[in-house]
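Reviewing the structure listed below.
In what follows, every heavy atom counts, from backbone to side chain, and hydrogens, waters and symmetry copies are set aside.
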Amino acid sequence: MNSSNRDQPFDTVVRDARIATAADLFTADIGILDGAIVALGNGLADGRETIDARGRFVTPGGVDGHVHLDQPTSDGSKMADDFETGTRSAACGGTTTVIPFALQFKGHGVRAAVEDYHMRAADKAAIDYAFHLIVSDPSHAVVSEELPKLIAEGYTSIKVYMTYDDMKLDDRQIIDVLACARIHGAMTMIHAENSDCIGWLTERLLAAGLSAPKYHGASRPMLVEREATHRAIALSELAEVPILIVHVSGREAIEQIHWARGRGLPVFAETCPQYLFLSEEDLALDGFAGAKCICSPPPRDKANQQAVWTGLQNGMFTIVSSDHAPFNYDGPDGKMLHGPGSSFHQVPNGIPGIETRMPLLFSEGVLGGRIDINRFVQLTSTNAAKLYGLYPRKGTIAIGSDADLVIWDTGVARTIRNADLHHAADYTPYEGHEVRAWPSVTMSRGVTVWSEGAFRGRAGHGRFLRCERPGVVTSQFKIGPATF
Ligand code: DUC
Ligand code: ZN
Ligand code: ZN
């Protein structure tokens with residue numbers, strides 16, 4: 001890095017970058033002014049700062065479309081990361097935009113959740129952020145008044161749950177939300193697991209004295225996810241609106257998505273690193289340690305891991321998100337909320353992974369020869385920006401886009417250690433995994449937030465992003481009064 005005088009056309013020039021977008025790979029200089037990319041070309045004049053990227057891949061900053069930060073819970077647990085630590089960790093792993101969830105509590109409004117969530121984020125985020133809305137109580141007032149206004153204001157994605165007593169919707173309620181999403185132009189994300197099957201299986205496991213963390217997997221087998229995935233698809237077909245099935249864990253759910261696409265239905269799919277890099281063996285670790293990997297759906301067997309990799313290769317998956325849902329392992333408000341050795345069904349669901357998402361996929365996906373770098377960019381950045389109405393401001397390297405960039409270091413093997421990560425959780429499920437790629441530099445709107453192995457950003461740099469109505473929704477259906 002070197003500095004020159006102030007009479008420069010650019011604040012920063014990233015020189016000789018091997019630029020990878022969702023479609024292209026080419027070498028050029030990137031000229032940055034006022035936080036945006038203003039020039040791409042060879043032999044650009046120096047900027048006030050020049051960064052030599054010769055021989056290195058430069059990708060758009062990651063858009064992590066599924067993270068939970070400082071999300072209130074109803075069971076007394078507490079997320080380890082707030083907006084400050086969560087976005088710091090994201091930046092250090094190459095992510096420059098996060099989309100966490102403003103959660104509606106039953107009996108309360110969605111707007112109240114949004115206002116509360118803005119207070120949690122303000123002055124804390126180190127990178128840019130938008131909000132999804134979790135709708136747990138789709139009353140008439142919510143679907144006919146609150147959601148339409150919120151969608152128009154830039155909250156254009158909604159998550160609904162088919163399980164968890166405090167959040168689940170029945171089929172009729174899901175249809176109400178989907179119809180609202182269709183009319184007003186929002187993307188609906190669906191957590192697809194059959195709640196009654198999980199309840200029945202859990203009761204039987206506990207009655208048999210089977211309560212160790214590994215039985216979390218037995219309480220939520222693929223059938224449970226497969227049935228709910230199929231039902232979610234059917235409901236979206238009825239409402240004639242695109243959906244995204246989130247955190248898809250294996251073959252049987254993938255088969256349902258494949259089936260839906262064969263019918264021409266606009267069904268999108270997300271998977272997460274835990275379904276590529278963790279398995280049921282991690283849930284079965286000695287003692288209570290398997291609780292570190294309790295998330296839903298659970299990590300499956302190795303054959304399912306392979307099915308998920310194949311889905312990344314053949315286009316079945318649209319995005320790879322972290323589903324960062326950080327709870328400490330030790331302590332009274334995390335995985336041990338009900339004490340060490342508590343039953344699997346009392347353990348808070350979720351694992352940390354916001355910082356490791358991009359390096360793991362670059363390393364095992366791109367450098368491991370499973371996907372090319374364009375597919376990596378699609379899965380980690382571009383497609384999320386498109387699904388959630390942030391493209392082309394985010395998710396690409398183009399003139400006019402925000403200068404959110406990652407310069408990759410692909411030369412050095414590195415072992416993931418929680419001590420080296422920047423989240424506030426007291427463990428990583430990827431402890432000991434070796435990666436061969438890590439961001440050398442992360443830039444958020446032209447500002448270096450990670451370089452030379454240190455966080456260089458600041459709390460409060462991150463801005464709230466109002467999302468456009470996603471093109472994949474509005475291009476399919478005319479926004480306007482319902483046709484039925
Ligand atoms: N679903 C999520 O999306 N995140 C954490 C837990 C869950 O069930
Ligand atoms: Zn979920
Ligand atoms: Zn989640």
Open item on the list: Within a 6.0 Å radius of atom CD on Glu255, are there more than 12 heavy atoms belonging to other residues, nucleotides or ligands?
Closed with: yes

- [ ] Could you grab the distance from atom NE2 of His118 to atom CZ of Phe83, nearest 0.5 Å is fine?
- [x] 9.0 Å

Open item on the list: Rounded at 0.5 Å granularity, tell me how far CZ in Phe268 sits from CG in Leu387.
Closed with: 6.0 Å

Side-chain atoms of residues 126-133: list all donor-acceptor pairs with protein atoms under 3.5 Å, sequence neighbours left out, distances to 0.1 Å.
{"unit_1": "Asp128", "atom_1": "OD1", "unit_2": "Arg445", "atom_2": "NE", "d": "3.3"}
{"unit_1": "Asp128", "atom_1": "OD1", "unit_2": "Arg445", "atom_2": "NH2", "d": "2.7"}
{"unit_1": "Asp128", "atom_1": "OD1", "unit_2": "Arg463", "atom_2": "N", "d": "2.8"}
{"unit_1": "Asp128", "atom_1": "OD2", "unit_2": "Lys394", "atom_2": "NZ", "d": "2.7"}
{"unit_1": "Asp128", "atom_1": "OD2", "unit_2": "Arg445", "atom_2": "NE", "d": "2.9"}
{"unit_1": "His132", "atom_1": "ND1", "unit_2": "Ser157", "atom_2": "OG", "d": "2.6"}
{"unit_1": "His132", "atom_1": "NE2", "unit_2": "Gly65", "atom_2": "O", "d": "2.7"}

Task: Between CE on residue Met167 and NE2 on residue His191, distance to nearest 0.5 Å - done: 8.0 Å

Open item on the list: If I take atom CZ from residue Arg469 and atom CD1 from residue Ile151, how far apart are they, to the nearest 0.5 angstrom?
Closed with: 7.0 Å

Task: Any donor-acceptor pair under 3.5 Å from Asp404 side chain to Pro60 backbone - done: no

Task: Side-chain touch Pro299/Ser249, heavy atoms, less than 4.5 angstrom - done: no

Task: Short side-chain to backbone donor-acceptor contact, Thr442 and Cys92, under 3.5 Å - done: no

TODO: Decide, yes or no, whether a salt bridge links Glu252 with Arg300 under the criterion of side-chain N to carboxylate O below 4.0 Å.
DONE: no

Open item on the list: Would you compute the distance between atom CD1 of Ile407 and atom CE of Met443 and round it to the nearest 0.5 angstrom?
Closed with: 7.0 Å

Task: Residue list, side-chain contact (heavy atoms from CB on, under 4.5 Å) with Ala398, at least two apart or on another chain - done: Thr396, Ser401

Task: Test item: Trp408 and Met358 side chains (from C-beta on) under 4.5 Å apart, heavy atoms - done: yes

- [ ] Evaluate the side-chain proximity of Asp24 to Ile19: yes if any heavy-atom separation is below 4.5 Å, no if none is.
- [x] no

Open item on the list: Rounded to the nearest 0.5 Å, what separates atom CG in Asp82 from atom CD in Gln71?
Closed with: 13.5 Å

TODO: Answer yes or no: is there an ion pair linking Glu364 with Arg370, defined by an N-O contact shorter than 4.0 Å?
DONE: yes

Task: No-hydrogen, no-angle side-chain donor-acceptor test under 3.5 Å, Glu355 and His423 - done: no

- [ ] Take Asp52 and Arg15 through the test salt bridge (charged side-chain N to carboxylate O under 4.0 Å, His left out) and record every step on the way to the result.
- [x] CA-CA 5 Å; Asp52 181 7; Arg15 195 161 301 291; over 6 Å; no

- [ ] Using modelled atom types only, decide if a donor and an acceptor are shared between the side chain of Glu431 and the backbone of Asn418 within a distance under 3.5 Å.
- [x] yes

Open item on the list: I'd like to know whether the aromatic ring centres of Tyr275 and His247 sit less than 6.0 Å apart in this structure.
Closed with: no

